[in-house]
Amino acid sequence: MFDAHVHIIDPRYPLIENEGYLPEPYTIADYRKRMAHFDVRGGAVVSASFQGTDQTYLKAALSELGPEWVGVTRLDLDAGDEEILDLDRAGVRAIRFNLKRAAADITQMTLQALRAHELAGWHVELYIDGQMLASLQPVISKLPALSIDHLGMSAEGLPYLLDLVDRGARVKATGFGRVDMDVAETLRRIHTVNPRALMFGSDLPGTRAGRPFEDGDIDLICQVVGADMHAVLEDNARECYRLPPVRRPETEQVAAQDNPTLPIPRSALPGAGDDKTRPLPIIERP
């Protein structure tokens, strides 16, 4: 298993209140204890709003966790090329746009993300309510590689999310206690459009979520994706984060006919035109 979305809250490093909230510590030891009964072979440590652009905690966490773990970070807008390359050497593989809980200059962030991709091959991870995806289309269209957190958060944004998935975006199957949607149906529709899109993540410790990760979340994913369970639980994320694939014994393989979903063409997507995907409409924000 590859856990593509973990937050490590180490009190030895700076923390910043966000909207008056400061989380309890959640260390690597806490995470390992919680996931001890799973075969977690790697994962992604994701910087949250209360860590600002501090990189010391992330470097320390990746050093302790080892080479099968990667980082997803936020950067100061004035971060130079050498800082990006230094973080890449430490194991960082993506830059996070936290548009849910952190104010941001989206234009400057986009320019920085393009530079990070050119320098180090980083992709962008969006923490955003899916209803905003359409209004951000001018930005999103400029990003060469993209992942979206927590299934896009809301059912209203699903048509726009599916269009992005059809264009190659990844989606994290995380934070089921955060979202406003039918999780199983959303997983099924994303997986139907592109079986390589979904990436499992625990979202531990689940700060401010309606409920944190439960073991049954993995059971739900497996029920939906069937024979592609290894891809969703590990392989898709390893490919996204540019890690070597895992070879597993034949006894772990699942018969292809057990797969309950099949890819569908672009023309079958919600709102798609007869010959091409229509431009996304602009959503007016209140």
Side-chain angles (χ1 to χ4, degrees), residues 1-10 13 23-48 51 57-73 90-94 96 123 125 127 147-151 170-178 183 187 190-191 195-207 209 211-254:
M1 179 185 294
F2 188 96
D3 189 341
H5 201 95
V6 178
H7 298 293
I8 299 298
I9 305 163
D10 191 330
Y13 300 97
E24 294 295 319
Y26 193 78
T27 65
I28 291 174
D30 294 326
Y31 173 78
R32 285 173 170 165
K33 180 179 180 180
R34 170 64 181 87
M35 299 296 282
H37 56 294
F38 291 109
D39 181 20
V40 178
R41 295 187 273 205
V45 178
V46 179
S47 291
Q51 285 155 329
Y57 99 92
L58 185 56
K59 287 183 176 181
L62 294 178
S63 177
E64 182 175 344
L65 287 163
E68 293 296 291
W69 285 78
V70 299
V72 180
T73 194
V92 174
R93 293 294 179 267
R96 193 182 199 206
H123 65 272
E125 302 201 353
Y127 181 24
S147 170
I148 299 168
D149 290 351
H150 311 319
L151 300 175
R170 311 273 186 162
V171 180
K172 290 192 177 182
T174 60
F176 296 172
R178 298 183 185 276
V183 171
L187 289 169
I190 293 169
H191 182 254
R196 296 172 58 194
L198 286 170
M199 306 185 296
F200 161 75
S202 68
D203 187 39
L204 284 170
T207 55
R211 69 158 177 85
F213 166 74
E214 296 177 354
D215 292 0
D217 294 345
I218 293 178
D219 296 333
L220 176 62
I221 291 171
C222 293
Q223 289 168 10
V224 172
V225 304
D228 283 335
M229 57 183 254
H230 289 306
V232 175
L233 295 181
E234 185 165 28
D235 299 343
N236 290 347
R238 294 185 69 88
E239 179 185 47
C240 178
Y241 290 110
R242 295 177 285 127
L243 291 169
V246 169
R247 293 187 178 184
R248 53 182 59 90
E250 291 183 5
T251 54
E252 293 187 26
Q253 303 302 322
V254 182

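Side chain of Thr174 to main chain of His150: a donor-acceptor pair is present (N/O by atom type, distance under 3.5 Å, no hydrogens or angles). Put simply, the side chain of Asn236 gets close to the backbone of Leu198: a donor and an acceptor are under 3.5 Å apart.
Looking at heavy atoms from C-beta onward, Glu214 lies out of side-chain contact with Leu220 at the 4.5 angstrom threshold. Within the 4.5 Å cutoff, the side chain of His7 has heavy atoms near those of the Pro205 side chain. Residues Ile221 and Phe176 are in side-chain contact: their nearest non-hydrogen atoms beyond the backbone lie under 4.5 Å apart.
Going from atom CZ of Arg178 over to atom CG of Leu151 covers 12.0 Å, rounded to the nearest 0.5 Å. Here OG1 of Thr27 is found 10.0 Å from CD1 of Ile9. Values are rounded to the nearest 0.5 Å. Here the OH atom belonging to Tyr57 is positioned 6.5 Å from the OG1 atom belonging to Thr73, to the nearest 0.5 angstrom. We find the CG-CD1 distance between Asp10 and Ile28 to be 7.5 Å, quoted to the nearest 0.5 Å. We find the OH-OG distance between Tyr127 and Ser147 to be 14.0 Å, quoted to the nearest 0.5 Å. Atom CG of Asp228 is separated from atom NE2 of His191 by 3.5 Å, given to the nearest 0.5 angstrom.
Checking each of Asp215, Val40, Val6 against Met35 for a side chain to side chain contact (heavy atoms under 4.5 Å, CB included) leaves exactly one that passes, namely Val40.
A salt bridge is defined here as a Lys NZ or Arg NE, NH1 or NH2 lying under 4.0 Å from an Asp or Glu carboxylate O, and Arg96 with Asp149 meets this definition.
With sequence neighbours excluded, no residue forms a side-chain contact (heavy atoms from CB on, under 4.5 Å) with Pro212. By the salt bridge (charged side-chain N to carboxylate O under 4.0 Å, His left out) test, Glu234 pairs with Arg41, Arg248, sequence neighbours left out. In this structure, Asp3 has no salt bridge (charged side-chain N to carboxylate O under 4.0 Å, His left out) partners at least two apart in sequence or on a different chain. Tyr241 is linked by a ring pair (Phe, Tyr, Trp, His ring centres under 6.0 Å) to Phe2, His123, counting only residues two or more places apart in sequence or in another chain. Here Glu239 pairs with Arg170, Arg196 under the salt bridge (charged side-chain N to carboxylate O under 4.0 Å, His left out) rule; sequence neighbours left out.
Minimum interatomic distance between Gly71 and Leu58 (heavy atoms only, all atoms of both residues): CA-CD1, 4.2 Å. Nearest heavy atoms, Val46 versus Ala4: CG2-O, 4.3 Å. Here the closest heavy-atom approach between residue Met229 and residue Cys222 is recorded as CB-SG, 4.0 Å.
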For this session: Starting from the C-alpha separation in whole Å, work towards a yes-or-no answer on side chain to side chain contact (heavy atoms under 4.5 Å, CB included) for Arg93 and Leu243.
Result: CA-CA 10 Å; Arg93 293 294 179 267; Leu243 291 169; 5.9 Å; no

For this session: Run the numbers on Leu233 and Phe200 for side chain to side chain contact (heavy atoms under 4.5 Å, CB included), then give the verdict.
Result: CA-CA 5 Å; Leu233 295 181; Phe200 161 75; 3.8 Å; yes

For this session: Any chance you could lay out the side chain to side chain contact (heavy atoms under 4.5 Å, CB included) test for Met199 and His5, step after step, and finish with the verdict?
Result: CA-CA 9 Å; Met199 306 185 296; His5 201 95; over 6 Å; no

Problem set entry | Chi angles and distances behind the side chain to side chain contact (heavy atoms under 4.5 Å, CB included) call for Tyr31, Ser202 | CA-CA 10 Å; Tyr31 173 78; Ser202 68; 4.1 Å; yes

Hey, can you pull the donor-acceptor pairs under 3.5 Å for the side chains in residues 59-66, sequence neighbours left out?
residue : atom : partner : partner atom : Å
Lys59   : NZ   : Asp86   : OD2          : 2.5

